[in-house]
Amino acid sequence: MTARFDQAPWAAAGIRTVGPGVHRVPLPLPGDGLRAVNVYLLEDLADDGGIVMIDGGWAIPEARKALEEALAAIDRDLGAISHILVTHIHRDHYTQAVELRRLLGSRVYLGAGERPGLEMLDRLRSDQPVGSLRTLRAAGAGELADRIEAMDHGGYDPGVWEAPDHWLHAGALRFGERELRVVPTPGHTKGHVVFLDERRGLLFSGDHVLPHITPSIGFELAEAGGHPLADYLDSLRLMTRYADARLLPAHGPVADSTHTRVAELLAHHDDRLAGSLAALGEDTLDAHAVARKLAWTRRAVPFGELSAFNQMLAVHETAAHLDVLVLRGRVEVGRADGVHRYTRVR
């Protein structure tokens, strides 16, 4: 099957029709390597004649302007947005949804698994990724954690971190006679969800399945912990239990097959697990030390050439892979002075 509707460069400004009544709008992320975040406008889903929007974008003036211009191209305006379904709590997906609710009265929906993190953010009243800083220090990257902590993270605005109107659980989300299936997919965040339109064969995948890159794992604004990569791999396999669908991601172009991309992502993580084990070798190392031995991105960039933010993501990913190797009995982990150190099982 060929994607007939959506041929423009994926991050180019404007509105692109994915299928009848379904439009993709890339909203800008100034200064962000991801370039843009896709939001999707569904014209024929809400029974009140309004538009259902999937993901909200970042609450910045450039994103609001781009959204207004896209709506005008289909003879609608911001007031037509009646429901905003958000895949996860990261600011490029959630914050503009809350702002639009304040302006328009739109209803905001978010996965119930994000509730503890959002409540912790409200207690901390900080824009710093507290959970991620804790993970860095446990990975032996204390100096990197200090650098990340000292950065300007955009300023904490409690107004864009308000709770949603509805917490989403697994199952059907009904709009009159139509519905989307809500599928929890923890991994990228604890409460990530995707929205499956089974009738039309469309998967709105957020950051869970991306066509050109692998999503960061376990990057939490607040509380971290658990086994995010193990959860993510299980969530990927879950996608193959549903009929294959066109992939409508948050970053990147529309793709014809979710199942094809899921297989590629699973193979990628198999390779990274093997690479992490090889980098560990016969030594006892923390995750930061292992990350420094690995190459990063599709261009095989050395760890030292990454920005501080991307070094943080690299250490996160390495720790997550090492923890999966522990779960699989290939590696042992010990803790000394608050740092986790890993040794291959002989």
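In this chain, residues are counted from 1 in sequence order.
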Undergrad: Minimum heavy-atom separation for I15 and A73, please, with both atom names.
TA: CG2-CB, 3.8 Å
Undergrad: Decide side-chain contact (heavy atoms from CB on, under 4.5 Å) for S216 and E317; before the verdict, give the C-alpha distance in whole Å, the side-chain angles of both, and the deciding distance to 0.1 Å.
TA: CA-CA 7 Å; S216 60; E317 181 175 322; over 6 Å; no
Undergrad: State, yes or no, whether a side-chain contact exists between F175 and L42 at a heavy-atom distance under 4.5 Å.
TA: no
Undergrad: Are any of the side-chain nitrogens in R137 or D146 under 4.0 Å away from the carboxylate oxygens of its partner?
TA: yes
Undergrad: When you compare the side chain of L203 with that of M239, does any pair of heavy atoms fall below 4.5 Å?
TA: yes
Undergrad: Would you call R76-E43 a salt bridge at under 4.0 Å N-O?
TA: yes
Undergrad: Begin with the C-alpha distance, continue with both residues' side-chain angles, and end with the deciding distance and a verdict on side-chain contact (heavy atoms from CB on, under 4.5 Å) for V98 and R102.
TA: CA-CA 6 Å; V98 176; R102 186 181 306 112; 4.2 Å; yes
Undergrad: Is there a side-chain contact between R181 and L173, using heavy atoms and a 4.5 Å cut-off?
TA: no
Undergrad: If only atom types and distance count, is the side chain of T240 paired as donor or acceptor with the main-chain N or O of R237 below 3.5 Å?
TA: yes
Undergrad: Check whether any side-chain N or O of H93 sits under 3.5 Å from a backbone N or O of I89 as a donor-acceptor pair, and report yes or no.
TA: no
Undergrad: Does A287 offer a backbone N or O that forms a donor-acceptor pair with the side chain of T318 under 3.5 Å?
TA: no
Undergrad: Do the side chains of L322 and V333 get nearer than 4.5 Å, heavy atoms only?
TA: no
Undergrad: Between atom CZ of R174 and atom CZ of R178, what is the distance when rounded to the nearest 0.5 Å?
TA: 12.5 Å
Undergrad: Please evaluate residues R101 and E162 with respect to the criterion side-chain contact (heavy atoms from CB on, under 4.5 Å), reporting the C-alpha separation (whole Å), side-chain torsions for both, the decisive distance (0.1 Å), and the verdict.
TA: CA-CA 10 Å; R101 176 178 64 185; E162 295 171 352; 3.2 Å; yes
Undergrad: Between T17 and G19 (side chain of the first, backbone of the second, donor and acceptor by atom type, cut-off under 3.5 Å), is there such a pair?
TA: no
Undergrad: Backbone N or O of L285 within a donor-acceptor pair of the D283 side chain at under 3.5 Å?
TA: no
Undergrad: Would you call R246-D197 a salt bridge at under 4.0 Å N-O?
TA: no
Undergrad: From H169 NE2 over to W167 CH2, what is the distance, rounded to the nearest 0.5 angstrom?
TA: 9.5 Å
Undergrad: Between D55 (side chain) and N38 (backbone), is there a donor-acceptor pair under 3.5 Å?
TA: no
Undergrad: Let me confirm one number: the OG-CD distance from S132 to E149, rounded to the nearest 0.5 Å.
TA: 12.0 Å
Undergrad: Taking C-beta and beyond as the side chain, do I54 and V39 meet within less than 4.5 Å on heavy atoms?
TA: no
Undergrad: Classify the angle between the aromatic ring planes of Y94 and W161 as parallel (below 30°), tilted (30 to 60°) or perpendicular (above 60°).
TA: parallel
Undergrad: With heavy-atom distances below 4.5 Å as the criterion, would you say the side chains of H90 and H188 are in contact?
TA: yes
Undergrad: Which atoms form the tightest heavy-atom contact between I213 and L265, and what is the distance?
TA: O-CD2, 4.3 Å
Undergrad: Just verifying a value: how many Å separate L100 CG and L67 CG, rounded to the nearest 0.5 Å?
TA: 6.5 Å
Undergrad: Check E332 with R344, please: is the shortest side-chain N to carboxylate O separation under 4.0 Å?
TA: no
Undergrad: Go through the steps for H212 and H251 under the test side chain to side chain donor-acceptor pair (under 3.5 Å), then give the verdict.
TA: CA-CA 8 Å; H212 290 162; H251 307 284; over 6 Å; no
Undergrad: Does R261 use its side chain to pair, donor to acceptor, with the backbone of L210 at less than 3.5 Å?
TA: yes
Undergrad: How are the rings of H192 and H208 set to each other: parallel, tilted or perpendicular (split at 30° and 60°)?
TA: tilted
Undergrad: Assigning hydrophobic clusters by single linkage (Ile, Leu, Val, Met, Phe, Trp, Tyr; side-chain heavy-atom cutoff under 4.5 Å), is I217 placed with L327?
TA: no
Undergrad: Verify the cluster assignment for L136 and V339: are they in a single hydrophobic cluster under the rule of side-chain heavy atoms below 4.5 Å apart?
TA: no
Undergrad: Check the hydrophobic clustering (I, L, V, M, F, W, Y; side-chain heavy atoms under 4.5 Å; chains of links allowed) and say if L277 and L266 are grouped together.
TA: yes
Undergrad: How many angstroms lie between CG in L29 and CD1 in I60, if you round to the nearest 0.5 Å?
TA: 6.5 Å
Undergrad: I would like to know whether K65 and E62 meet salt bridge (Lys or Arg N to Asp or Glu O under 4.0 Å); could you show each step before the answer?
TA: CA-CA 5 Å; K65 183 175 184 289; E62 300 94 323; over 6 Å; no
Undergrad: Are any side-chain N or O atoms of Y40 and backbone N or O atoms of V52, one a donor and one an acceptor, separated by less than 3.5 Å?
TA: no
Undergrad: Checking L229 against H269 for the side-chain contact (heavy atoms from CB on, under 4.5 Å) test, could you report, in this order, the C-alpha distance in whole Å, the side-chain angles of both residues, the deciding distance, and whether it holds?
TA: CA-CA 9 Å; L229 179 58; H269 283 289; 3.8 Å; yes
Undergrad: Can you tell me if D244 uses its side chain to pair, donor with acceptor, with the backbone of H259 under 3.5 Å?
TA: yes
Undergrad: Is the shortest heavy-atom distance from the side chain of L196 to the side chain of L180 under 4.5 Å?
TA: no
Undergrad: With Y342, which of D286, T284, D323 fulfils side-chain hydrogen bond (donor to acceptor under 3.5 Å, both in side chains)?
TA: D323
Undergrad: So, taking the atom named NE2 in H268 and the one named CG in L273, what distance separates them when rounded to the nearest 0.5 Å?
TA: 9.0 Å
Undergrad: With a 4.5 Å cut-off on side-chain heavy atoms, are V315 and F303 touching?
TA: yes
Undergrad: Relative to each other, are the rings of Y109 and H83 parallel, tilted or perpendicular (30° and 60° limits)?
TA: tilted
Undergrad: Answer yes or no: is there a donor N or O on one side and an acceptor on the other, between the side chain of Q96 and the main chain of G56, under 3.5 Å?
TA: yes
Undergrad: Does this structure show an ion pair linking R200 with D44, if we count only N-O contacts that are shorter than 4.0 Å?
TA: yes
Undergrad: Locate the shortest heavy-atom distance separating A36 from P26; write the atom from each residue and the value.
TA: CB-CB, 4.0 Å
